[in-house]
Amino acid sequence: MASPVNGIKNFKVVLLGEGCVGKTSLVLRYVEDKFNNNHLQTIQASFLNKKINIDGKRLNLAIWDTAGQEKFHALGPIYYRSSNGAVLVYDITDEKSFQQVKTWVKELRKMLGKDVCLIIVGNKIDLEKDRHVSLEEAEDYANKVGAVHFQTSAKLNQGVEDMFLVLSKNMLSINEQKESLNNSLSRQNSQRRNVVVVDDEQEQTAATKSCCGSSGS
Amino acid sequence: MWSQYDEDLSKNVFFKSIKEYNSDILSKAATEKWIICVPRTGSQRNKNISITTILDHVLVPHSADTFSTLSKKNIHLKDQHLKYDNIFNVDVEVLFEETHYVGGENKYTVWCIEKPLFLSQNFSECSNNQVSLLTLQDCVDFLFNETAECQILESIQNLCTTFWKNEEKTFALDILQSQIDLIGNLFSQCLQVCFKSDGLREKCNSDELFLENLKLAVQTCMQYCLGQKLMYGINSLHHFTDSELNKIIRNSLNVSLSDLNIPCTLENEIISAKYELSRINNVFTCLDKVNCLARAFNVFNRSKNLQKLDMCLTSDDFLQIFVYLILQCNIPNWIANLSYIKYFNFTNFGNTDQNCFLKANLEGSIEFIKSSAFLENKISCMDKYTNEDNKSDQHSNTIFYYLYNKLKKAKSNEDLCNFLRIIFNKYLPETDLCHPLCSCKKCEQILMGGYNQKIKDVVNEHNQNFLIFSCIGNNIELIELLLSLEFNINFKDYCGKTALHYAAQLGFQDVLMLLINFGADVNIADNDKNTPLHLASDRGHENCVNALIYSSNLVELNLQNFSGDTPLFLAAKWGYINIVKVLLEGGASVCIKNNRKMSVLQVAPNYYITELIKWYGVVKSNKVIKEVECLSNTSNHSISNISEDIAFRNLKERGIFHGIKPKNDTELKSINVLLKSIENNDFPLACYYLGYTNILDLKKINLDTKCHPLCNCKACSAVDELDVLDEKHYKKKVRFKININTVNKDGFSALHIAAKFGRIEILRILLDSGASTNLCTYETYYTPLHLACMFERVPAVKELLKCGDCNIDAQDYKGNTPLYYGSIKNNNLKLVEILIHNGADSQKTNDSGKSILLQCEEKNYFRICSILKENAVSKSKTSNTNESDDFIKNKSLL
């Protein structure tokens with residue numbers, strides 16, 4: 001979803017993970033870093049913007065936090081569809097949250113394919129003593145599924161910015177690859193029109209014609 | 001949140017000059033965490049930027065909101081505004097922040113600001129070339145200004161008017177894709193109109209942003225011109241899913257903030273957001289609808305209260321807040337609205353990040369409401385009360401819930417009495433008994449009287465007694481027990497609701513029928529003047545609406561609640577098409593207007609409901625109203641009775657008999673239910689309406705046809721005995737509540753319906769009870785025989801012909817006889833044989849002037865022809881010459 005206005009490229013990043021793994025803290029730490037905690041500029045963390053400039057290339061990150069509660073799991077696709085990057089967060093002290101990350105990876109790869117940049121983040125490294133997910137295991141898994149693994153602490157502000165920077169660079173490079181591909185394609189078939197694809201999933205063609213009961217014709 | 005403003009800083013003159021001549025400042029900023037302020041393009045007049053100006057714009061942070069510039073001026077930040085308190089009163093907005101990463105780890109922050117910080121004398125308000133269109137008004141102004149006249153607006157409007165001229169009838173019935181295509185086409189037509197103007201075309205070519213704005217403006221104006229009809233079409237498309245959703249929504253009204261885990265501190269914000277969101281149907285364009293969502297969202301975003309509380313709302317919170325808002329907003333077409341926003345926007349405006357998020361959030365909330373997860377949540381909050389064992393201690397009405405839970409376990413009347421005995425001694429010890437378990441007569445009496453009275457008086461905090469509460473709990477056994485104790489069936493709680501209200505509201509059909517059977521008042525109103533029928537229609541409980549209408553003919557269909565709405569209004573508004581149908585069939589009026597002076601046609605949200613109302617209402621109900629008026633006249637004036645008699649006699653002379661008109665409203669209603677029950681083949685119900693209250697009577701009638709007339713088998717002799725015994729009794733009983741020849745508004749009698757649907761048992765009963773076989777319907781002049789032939793009910797035809805007085809050659813409004821329907825229409829050999837055998841006349845001509853035989857020949861129904869000819873030959877021997885002359889004449893005409 002790169003839009004040409006003012007040379008800025010829009011990227012959608014979605015944060016996924018179980019409840020209480022620190023998704024919201026991560027995004028707040030990243031976007032609101034400048035201000036200390038008791039001076040929050042925003043009072044909602046479900047959707048935040050961050051403009052960055054990497055070596056002259058302008059990017060706008062739209063960071064979507066998603067609902068973590070189990071009962072909202074089924075709504076996931078509504079939130080992550082057409083996203084360019086996904087940050088899958090687990091809590092290093094909670095083995096279950098890491099298993100949850102694995103199910104998200106499967107789901108995302110299935111729904112969004114190879115074009116989505118995946119980052120797996122082990123949060124809360126300030127609680128190292130309670131660690132239940134080993135670093136090797138997590139990194140091995142990340143390598144296996146083509147994701148980048150990071151360890152962060154939103155509390156101590158460790159690794160958060162690096163993580164988002166690497167994600168941005170990855171998304172940028174995928175975007176550039178795609179664009180060059182598109183350019184060569186569009187040169188081949190010069191006449192290309194924009195095609196809007198709309199899926200009509202909720203189509204209801206219930207033809208409830210009134211039938212009359214008492215008239216005898 | 002940052003403002004919408006955006007620009008490419010690499011093209012900003014100020015930033016360029018820093019980069020080119022003072023790059024040392026940038027590298028220093030990266031290490032020292034300085035912030036560079038860049039006045040936005042156009043706000044800086046001076047081409048030559050001096051070093052002092054630059055130093056003025058580099059901020060050295062001291063704490064979160066205090067800074068000093070490199071030129072040693074102290075600045076502080078408040079609400080995204082930079083302030084410098086001196087004579088100049090500097091107050092500059094920070095437009096957006098951009099973090100620059102330069103190779104590896106180096107980064108610095110740039111703030112784009114509204115205008116230079118300290119150049120007030122040189123500063124002139126720049127014209128912003130980036131107009132952002134936020135409202136419909138903006139869009140109209142934009143088009144108006146760009147063309148300097150109304151031309152484009154007018155041509156858009158014309159295009160829309162012609163669009164509806166061609167599409168109005170079919171648009172509502174199209175599938176989603178073709179609706180999108182139609183509107184998309186119209187949109188490109190509108191755009192083409194704009195591109196005819198050279199000025200606009202050039203501007204669009206040179207300025208991409210201008211093109212986007214133009215598209216948005218055209219789309220918005222177009223959608224405004226298309227108006228409500230567009231939404232109506234989309235509503236029709238989604239009417240089914242929307243009504244399903246509405247049913248869930250209406251049955252979840254009692255969900256509270258805490259049920260959804262929303263903190264109560266948000267209450268004020270929720271009220272404002274609800275206000276914003278409930279206006280979504282007052283606006284017609286995508287832009288305005290999305291703005292509506294955004295305003296609701298921003299209520300939370302900008303709330304000072306939340307800032308004070310230092311709360312941070314997460315996605316979980318927003319989902320649940322929106323779920324709550326959707327439940328409370330009184331909007332009947334969420335899915336249509338969502339589809340409109342999603343699919344009918346052809347510009348880029350909806351693709352901004354926030355709008356995308358809002359759409360996803362709305363969709364997520366709707367999906368969640370539709371999901372079973374939500375229902376579980378709802379059920380658990382219903383159960384809260386019934387499993388009150390532990391919690392009840394905190395309530396003042398401990399006893400009520402304790403007793404209720406005990407009562408629930410009672411299986412029989414005896415059980416109940418024992419429970420009461422023990423329980424009341426414990427909890428209501430005022431009763432004077434010899435000793436707690438005494439069973440002397442005196443004590444027994446005290447107990448029975450005492451319990452009964454006491455148990456009826458026990459209420460909970462809502463003033464609900466056990467009867468009402470067991471209705472809420474859908475505990476039908478307990479209700480039966482309680483009713484046997486002679487509870488006041490019409491007892492009201494603080495909301496003015498009776499047990500019947502709750503049964504209707506919660507959709508418990510069994511409970512509802514039970515209560516009606518025990519004589520509950522079906523038209524009783526609660527504090528909002530809602531009757532049980534209102535509540536059942538509002539909550540979409542089709543089964544309860546049916547039960548109310550069919551099981552009691554006392555139900556008033558046209559009562560208005562405090563908003564002036566009849567049950568039909570509520571059912572139409574929420575799109576419950578089946579309930580609308582049932583209500584209309586029951587004779588609900590479509591002429592009543594509610595307190596907002598809206599008729600039900602104006603409330604109808606989609607095509608299907610409108611058509612139903614038009615069909616039943618405007619066509620039929622007008623007739624009903626006329627009839628009812630006429631009826632009320634006849635009952636008032638005796639003269640009109642006479643005139644009716646005269647009319648009746650006139651008809652008789654022409655050989656056409658109509659049935660007896662219902663004398664009053666209730667009779668009209670009961671004939672309607674009777675016909676309905678016959679149609680549904682509901683034998684017991686039909687008999688009930690006919691006045692056979694005793695099952696024995698039914699058996700008798702059925703057994704009239706014994707094995708054979710002289711049979712002596714056991715069953716038949718029993719019948720004979722019964723005959724003798726009950727003859728007098730039986731004759732007394734078979735007295736009809738209404739005259740058996742009473743007809744409905746179209747002139748259909750019970751016999752008509754029984755013949756039409758081939759309900760043979762009922763037909764026999766009717767004939768035996770003396771129903772007239774030759775009644776004609778009002779406009780079509782069908783006799784029962786016509787209908788039986790039309791629908792090929794062979795047994796019914798036989799049964800009808802057994803009656804001596806049945807006119808086999810009756811002609812309907814087109815002059816067709818029953819034989820016509822049997823032969824020409826249905827080509828039914830058996831029917832024709834029966835009819836001919838019984839003396840039907842094959843030479844009768846209908847209005848087309850051709851005899852049946854002739855028409856059969858045309859249709860090549862050879863077998864029927866041969867039967868008819870045989871018959872004709874035998875007849876022609878006796879017939880006079882005139883007829884055969886006619887026959888020849890007819891033939892020669894061909």
Side-chain angles (χ1 to χ4, degrees), chain A residues 1 3-8 10 12 19 23-24 28 34-36 38-47 49-56 58 60 62 64-69 71-72 74-75 78-79 81-82 161 165 196 198 200 202-208 210 212-217, chain B residues 1-2 6-8 10 64-65 96-103 175-177 180 208-209 237-238 240-241 300-301 303 306-307 310-316 318-319 343 348 353-354 357 360 363-364 367-368 371 373 577 581 585 608 611-612 615 675 679 744 746 748 752 756 777 780 782 787:
Chain A
M1 54 189 297
S3 132
V5 179
N6 289 322
I8 197 159
N10 284 306
K12 177 174 163 185
K23 296 188 300 288
T24 311
L28 279 176
K34 209 127 297 84
F35 310 101
N36 57 25
N38 47 31
H39 191 279
L40 283 180
Q41 217 183 2
T42 49
I43 35 189
Q44 57 89 13
S46 51
F47 156 77
N49 264 350
K50 173 108 175 165
K51 281 175 183 161
I52 58 173
N53 187 319
I54 302 175
D55 299 325
R58 301 190 73 209
N60 179 29
W64 293 32
D65 190 9
T66 58
Q69 287 177 43
K71 59 179 173 180
F72 296 134
L75 307 176
I78 295 169
Y79 287 86
R81 69 179 161 218
S82 76
E161 190 156 359
L165 187 59
V196 189
V198 184
D200 41 2
Q202 331 178 321
E203 206 156 285
Q204 287 293 339
T205 40
T208 338
S210 61
C212 87
S214 52
S215 88
S217 52
Chain B
M1 295 295 277
W2 308 107
D6 187 46
E7 71 165 271
D8 189 353
S10 61
D65 48 7
F96 65 87
E97 178 192 278
E98 194 167 301
T99 311
H100 286 238
Y101 295 88
V102 191
I175 57 164
L176 179 63
Q177 191 54 54
I180 295 172
E208 230 167 309
L209 203 73
L237 181 68
H238 295 285
F240 182 70
T241 39
F300 299 95
N301 232 342
S303 152
L306 286 182
Q307 229 155 17
D310 199 26
M311 275 176 74
C312 182
L313 295 178
T314 62
S315 287
D316 288 75
F318 269 111
L319 248 173
Y343 302 125
N348 278 334
D353 302 323
Q354 182 179 316
F357 175 76
E363 191 176 347
E367 282 304 317
F368 183 61
S371 74
I577 194 150
K581 204 168 155 193
E585 277 175 357
Y608 301 96
E611 284 304 298
L612 256 187
W615 167 247
L675 298 190
E679 185 183 329
N744 73 355
D746 295 319
F748 283 81
H752 278 100
K756 176 177 171 187
T777 56
T780 45
Y782 292 138
L787 291 169

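Here is how names work: the chains are called A, B, and so on, in the same order as the sequence lines, proteins then strands, and each is numbered from 1.
- Between the Asp65(A) side chain and the Thr314(B) main chain, no donor and acceptor come within less than 3.5 Å of each other.
- If you measure heavy-atom distances from Ile52(A) to chain B, the contacts under 4.5 Å come from both the backbone and the side chain.
- Side-chain contact check for Asn60(A) versus Phe96(B): every heavy-atom pair is 4.5 Å or farther apart.
- Contact check for Phe357(B) versus Ser46(A): side-chain heavy atoms found under the 4.5 Å cut-off.
- Tyr101(B) and Glu161(A) make their closest contact through OH-OE2, 2.7 Å (heavy atoms, listed as atom of the first residue, atom of the second, distance).
- Here NE2 of His100(B) is found 11.0 Å from CG of Asp55(A). Values are rounded to the nearest 0.5 Å.
- Contact between Glu97(B) and Lys51(A) at its shortest, heavy atoms only, is O-CB, 3.3 Å.
- Counting heavy-atom pairs closer than 4.5 Å to chain B, the top-ranked of the candidates Ala74(A), Gly68(A), Gly19(A) is Gly68(A).
- Atom NZ of Lys50(A) sits about 3.5 Å away from atom OG1 of Thr99(B), to the nearest 0.5 Å.
- Between Glu98(B) atom CD and Asn53(A) atom CG the span is 5.0 Å, to the nearest 0.5 Å.
- The structure places NZ of Lys71(A) at 9.5 Å from OG of Ser371(B), a figure rounded to the nearest 0.5 Å.
- Contacts of Thr66(A) with chain B are made by backbone atoms alone, with heavy-atom separations under 4.5 Å and no side-chain atom involved.
- The line from OG of Ser315(B) to CZ of Phe72(A) is 10.0 Å long, rounded to the nearest 0.5 Å.
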